[in-house]
Novice: 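Pasting in a structure now, in structure tokens, and then I'll have a few things to ask.
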Amino acid sequence: MERTLILVKPDGVKRNLVGEVLSRVENKGYQITALKMLSVDRSLLVTHYAEHEGKPFFEPLVEFMMSGPIVAIVAERNRVIEGFRKLAGATDPTIAEPGTIRGDLARDQGTKVVQNIVHGSDSPESADREINIFFPELSK
Ligand code: DAT
Ligand code: MG
């Protein structure tokens, strides 16, 4: 059974899109096995986004992710990592295909960091690492 970490980012929570994201995940047939709303601090985000440290959008990304509550979700089923990345669509919401979460629900806001509603783990290793960050209680 594969697991992925999904985040509804502050833009998604502010725009009341939590239910919409959950519906798309559930309608696809994935099982939601953990869920919480939380506010995150800088040190958690630096760990979560370590691969992006030093990039020009890193600081804006951290600030954006601290701008309001987020919803963290663990979803499971065969190939859920790849499948949720397809549901989410391309990183840039202008490029993301209509029919995807980002393609349907986000647009370019002209900000230094792309605001695109959701995060999804990109590999089994990332998923394990990220689930441990957001749901340390699951590994106890
Ligand atoms: P993804 O979230 O599609 O896996 P990523 O891991 O490359 O994309 O980047 C993390 C987030 O950072 C992404 O969701 C939006 C933002 N971002 C990525 N590349 C960017 C860029 N070139 N300019 C501004 N923001 C960017
Ligand atoms: Mg990524």
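Read the numbers this way: they start at 1 and go in the same order the structure lists the ligands and their atoms.
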Novice: For I70 and F134, what are the C-alpha separation, side-chain angles and deciding distance, and is it a side-chain contact (heavy atoms from CB on, under 4.5 Å)?
Specialist: CA-CA 11 Å; I70 65 174; F134 283 89; 3.8 Å; yes
Novice: For K112, state whether at least one heavy atom is located under 4.0 Å from any atom of ligand 1.
Specialist: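 K112 counts as a contact of ligand 1 under the 4.0 Å cut-off.
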Novice: Find all atoms of ligand 1 within a distance of less than 4.0 Å from any non-hydrogen atom belonging to R102, and give their numbers and elements.
Specialist: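 Heavy-atom distances to R102 below 4.0 Å select 1 (P), 2 (O), 3 (O), 14 (O).
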Novice: Show me which atoms of ligand 1 lie under 4.0 Å from any heavy atom of V113.
Specialist: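 Checking each atom against V113, I get 16 (C), 24 (C), 25 (N).
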Novice: Pull out every atom of ligand 1 sitting under 4.0 Å from any heavy atom of T91, numbered as shown with elements.
Specialist: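 Answer, ordered by atom number: 1 (P), 3 (O), 8 (O), 13 (C), 14 (O), 15 (C), 18 (C).
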Novice: Any nitrogen or oxygen of R85, main chain or side chain, under 3.5 Å from a nitrogen or oxygen of ligand 1?
Specialist: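 Yes; at least one N/O pair falls below 3.5 Å.
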Novice: Does D11 use its side chain to pair, donor to acceptor, with the backbone of I117 at less than 3.5 Å?
Specialist: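 A pair under 3.5 Å: yes.
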Novice: Please enumerate all residues that pass side chain to side chain donor-acceptor pair (under 3.5 Å) together with K28, with sequence neighbours excluded.
Specialist: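 Partners of K28 by the side chain to side chain donor-acceptor pair (under 3.5 Å) criterion come out as none, since no residue qualifies.
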Novice: Who's closest to atom 12 (O) of ligand 1 heavy-atom-wise, of F64, Y49, F57, F58?
Specialist: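 Among F64, Y49, F57, F58, the closest heavy atom to atom 12 (O) of ligand 1 belongs to F57.
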Novice: Is ligand 1 under 4.0 Å from a heavy atom in the side chain of H48, in the backbone, in both, or in neither?
Specialist: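 Neither part.
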Novice: Quick test of your reading of the model: are R129 and E125 salt-bridged, counting only N-O distances below 4.0 Å?
Specialist: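 No, R129 and E125 are not salt-bridged.
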Novice: Begin with the C-alpha distance, continue with both residues' side-chain angles, and end with the deciding distance and a verdict on side-chain contact (heavy atoms from CB on, under 4.5 Å) for N16 and V18.
Specialist: CA-CA 6 Å; N16 299 329; V18 176; over 6 Å; no
Novice: Does some non-hydrogen atom of K9 fall short of 4.0 Å from ligand 1?
Specialist: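 Distance cut 4.0 Å: K9 passes for ligand 1.
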Novice: Ligand 1 versus V114, non-hydrogen atoms closer than 4.0 Å: side chain, backbone, both, neither?
Specialist: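 For V114, backbone and side-chain atoms both sit under 4.0 Å from ligand 1.
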Novice: Give the contacting part of H119 toward ligand 1: side chain, backbone, both or neither, where contact means a heavy-atom distance below 4.0 Å.
Specialist: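 Contact part for H119 vs ligand 1: neither.
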Novice: Using the test side chain to side chain donor-acceptor pair (under 3.5 Å), find all partners of S126 that sit at least two apart in sequence or belong to another chain.
Specialist: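 By the side chain to side chain donor-acceptor pair (under 3.5 Å) rule, S126 matches D122, S123.
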Novice: Identify, for atom 5 (P) of ligand 1, the protein heavy atom at the shortest distance, and state residue, atom and that distance.
Specialist: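 Atom 5 (P) of ligand 1 sits closest to the protein heavy atom H52 NE2, 3.4 Å.
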Novice: Which part of N116 is near ligand 1, with near meaning a heavy atom under 4.0 Å away: side chain, backbone, both or neither?
Specialist: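 The part of N116 near ligand 1 is the side chain, not the backbone.
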Novice: How long is the straight-line distance from CZ of R42 back to OH of Y49, given to the nearest 0.5 Å?
Specialist: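 Taking OH in Y49 and CZ in R42, the distance rounds to 14.0 Å.
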Novice: For K36, does the NZ atom have more than 12 heavy-atom neighbours from other residues, nucleotides or ligands under 6.0 Å away?
Specialist: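 Atom NZ in K36 is packed in, count exceeds 12.
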Novice: Check this for me: E76, atom CD, are more than 12 non-hydrogen atoms of other residues, nucleotides or ligands nearer than 6.0 Å?
Specialist: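 Result for CD/E76: enclosed.
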Novice: Heavy-atom contact check, 4.0 Å cutoff: does D122 meet ligand 1?
Specialist: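 No; D122 lies far enough from ligand 1 that no heavy-atom distance drops under 4.0 Å.
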